[in-house]
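In what follows, every heavy atom counts, from backbone to side chain, and hydrogens, waters and symmetry copies are set aside.
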Amino acid sequence: MRGIRLALLAGMAACSPVIAAGTASAQNVAPLPPTAPPPEPAPATAATPTTLRDALVRAYTDSPVLAGERANLRATNEGVPLARADALPNLGVRGGYTSFLVQGQNAFLQPDEALTADAQLSQNVFAGGRIKNSVAAAKTRVLAGRSNLRTTEANLFTDVVAAYNDVIRDEATVSLNRQNVRSLEVNLQATRDRFEVGDLTRTDVAQSEARLSGAIGQLRQAEARLIASRETYLQVVGAVPGELAPPPPLPNLPADPQAAVGTALNNNPALEAAERLRDAAGLDVRAARATRLPQADLVAGGSYFNYLGTLPSSVVGTSVPQSGTSAQAGVSVTLPIYQGGRPAAQVRQAQARQGQAIEQVTTTERGVIAQARTAFANWQSSQRVIEASEAAVAANRLSLEGVRAENSVGNRTIIEVLNAEQELLNSQVNLVSARRDAYVAGFALLAAMGRAEAEDLGLDGGALFNPLTDYERVDKAWFDFDDEPAPRPQGTRTVDAPAQTPFVTRPLEPQLQRPVDTNPANPSGDVTTPR
């Protein structure tokens, strides 16, 4: 099994409730501290969370994109028997019936009816290398098709990983924003109560109202993004996301971009496909040149005629048979002398396509290098953002606690408490976003390095697609009536899946669970579970 297997195991219950990104060459990102449980715990009969591996297996099994690329590879496989068919015997039979309605005046031996049948057998023995090079080019294109299938797998899995982590990120973002809205609702009511007794001004009430309105708008935007992420997950995976477990750490990511590029240049399937197509184009040039050379065929044939008793039986005392057979065999040699410039045009066309294929290799190589370096840079950058965001979350927690304490003795205003709470919320959103970005960038790096395919991921939930199975079945096929069953849809339709909603159930962040107003006249109290 190629590459390092990514153990996407289901038992990740001990992971952080937000994305846990880690590598073998860097320490895993520390999760947020445990949060307080909601007032009403979830039922014990809750469904088992879906793991990232479950999502990958489902996409691998049911994706119409992957099924379509497999069908395309099967079509490419048929190029080999098509090219080899010119080297196999060719047998044909032709028959006919003729009725002579009007006889000529001198047609003394003309029958009224005739039944004829001819058989022709030919076998090519020399084609100047055209058939051999055509078969070799077809086999090379099969190898390119397999690499293209690997590319499709890697791209699909990258999309699944991104969609999976997008849902987790947006669920956390919605949960944080929803919790913030509920906290601001409690604070607004407390501010209004204190305004009624003259402890606060109308300005304080307006500030709380404005902050609540802004938080509601921010929540609605987060809910819309969550719905979009869940719909994208449904599109890519083919199933409703449900409750998603935190993804496992990514192992053995490279220590520097040079190592990533080196591995990518050796393993990237897109580059391998481009190189195979370049080789096939070179074989096409050889096959085109062979059209100028002689061609030799062994030929044999036979014929049968029957005049159905309508031929005059004798002429001048000679009996004429009413039916008969004949046979012949020999060698047919064709020596092209002049073909109107067709061979030269075919060679030039093949050479131009070979030049295009050569340049495509360079283009693909540049893209692979850029992809590997960019993914590595994004992954490293996200790691730094995670560190900064964790520090920001810790600092903002401490700041919020201090501002609330100072507000309780009258040294801080309500707006300062609201600002501190907003900063904590923003830093937490930034943290979950950075963890999502780090994980997706790390997986994209694995894909660029050619280590994000079904075999690498160890998706042994069922039999993996083996491209050799279909190729070996058709490689030596010679029978003219060996058809396939009619194609049937392989990908799962999502038309019956329900429209996604922004509903989430997540633990509360303790600091955001408290009311903003900590004035002794308004003691702290728990905020109810977010809607």
Side-chain angles (χ1 to χ4, degrees), residues 1-6 8 53 55-83 136-163 235-238 263-281 357 360-361 363-365 367-368 371-372 443-475 477 484-485 487-492:
M1 187 167 293
R2 188 183 65 257
I4 306 299
R5 293 170 63 91
L6 176 59
L8 300 179
R53 184 182 179 283
L56 292 171
V57 170
R58 179 63 182 265
Y60 183 79
T61 304
D62 297 337
S63 171
V65 175
L66 201 53
E69 189 60 32
R70 290 168 183 164
N72 184 50
L73 178 58
R74 291 194 294 271
T76 303
N77 291 340
E78 299 295 345
V80 176
L82 284 173
K139 289 183 176 181
T140 306
R141 287 189 170 89
V142 168
L143 297 178
R146 294 175 188 172
S147 296
N148 286 332
L149 178 59
R150 291 177 53 206
T151 300
T152 302
E153 282 185 9
N155 291 340
L156 173 65
F157 292 151
T158 301
D159 291 342
V160 171
V161 168
Q235 174 189 355
V236 175
V237 178
T263 303
L265 292 179
N266 291 328
N267 298 328
N268 187 276
L271 183 56
E272 289 182 6
E275 292 171 344
R276 299 293 189 184
L277 293 176
R278 175 200 60 195
D279 298 340
Q360 185 61 38
V361 171
T363 300
T364 305
E365 183 182 74
V368 167
Q371 182 184 5
F443 195 90
L445 181 55
L446 289 177
M449 295 164 59
R451 293 180 174 176
E453 299 146 36
E455 291 186 2
D456 303 307
L457 303 180
L459 303 184
D460 52 0
L464 297 180
F465 177 80
N466 186 356
L468 288 176
T469 301
D470 180 77
Y471 175 77
E472 292 173 349
R473 183 178 59 81
V474 304
D475 178 34
E484 291 286 334
R488 296 181 178 274
Q490 300 295 318
T492 301

Straight-line distance of M449 CE to N267 CG, nearest 0.5 Å | 8.0 Å
Does T61 have any side-chain contact (heavy atoms from CB on, under 4.5 Å) partners at least two apart in sequence or in another chain, and if so, which?
-> V57
Quick one: closest heavy-atom pair of N148 and A273, and the distance?
-> OD1-CB, 3.2 Å
E78: what forms a side chain to side chain donor-acceptor pair (under 3.5 Å) with it, not counting sequence neighbours?
-> none
Taken in chain and number order and not counting sequence neighbours, the residues that satisfy side-chain contact (heavy atoms from CB on, under 4.5 Å) with T152 are V65, L66, E69
Taking all non-hydrogen atoms of both residues, which atom of A477 and which atom of P81 are closest, and how far apart?
-> O-CB, 4.3 Å
State whether the side chain of E153 and the backbone N or O of A454 hold a donor-acceptor pair below 3.5 Å, judged by distance alone.
-> yes
Under 3.5 Å donor-acceptor, T151 side chain and A270 backbone = yes
Those residues at least two apart in sequence (or on a different chain) that pass side chain to side chain donor-acceptor pair (under 3.5 Å) with D470 are N77, R473
To the nearest 0.5 Å, how far apart are CG in N268 and CZ in R451?
-> 12.0 Å
Those residues that, when tested against E272, pass salt bridge (charged side-chain N to carboxylate O under 4.0 Å, His left out) (two or more places apart) | R150
Closest heavy-atom pair and its distance - A59, V160 | CB-CG2, 3.6 Å
Could you check L468 against R146 for side-chain contact (heavy atoms from CB on, under 4.5 Å), going step by step and ending with a plain yes or no?
-> CA-CA 9 Å; L468 288 176; R146 294 175 188 172; 3.3 Å; yes
May I ask you to test the L457-F443 pair for a side-chain heavy-atom distance under 4.5 Å?
-> yes
For A162, check side-chain contact (heavy atoms from CB on, under 4.5 Å) against everything at least two apart and list the hits.
-> R436, V440
Enter the distance from S147:OG to E275:CD here, rounded to the nearest 0.5 Å.
-> 9.0 Å
Considering only heavy atoms from C-beta outward, does the side chain of V236 approach that of L156 to under 4.5 Å?
-> yes
With L277 via side-chain contact (heavy atoms from CB on, under 4.5 Å) - residues at least two apart | R141, A144
Do Y471 and V80 touch side chain to side chain, with heavy atoms closer than 4.5 Å?
-> yes
Minimum heavy-atom separation for G238 to T492, with atom names?
-> O-CG2, 4.0 Å
Considering all heavy atoms, the nearest F465-L149 contact = CE2-CD2, 3.5 Å
With side chains defined as the heavy atoms from C-beta onward, is the minimum distance between L73 and P467 less than 4.5 Å?
-> yes
Side chain to side chain donor-acceptor pair (under 3.5 Å) partners for T158, two or more places apart = none
Euclidean distance, N466 CG relative to E472 CD, rounded to 0.5 Å | 7.5 Å
Heavy-atom closest contact (V237 atom, A55 atom, distance) = CG1-O, 3.7 Å
Results of salt bridge (charged side-chain N to carboxylate O under 4.0 Å, His left out) for D62 - residues two or more places apart only = R58
For R70, does the CZ atom have more than 12 heavy-atom neighbours from other residues, nucleotides or ligands under 6.0 Å away?
-> yes
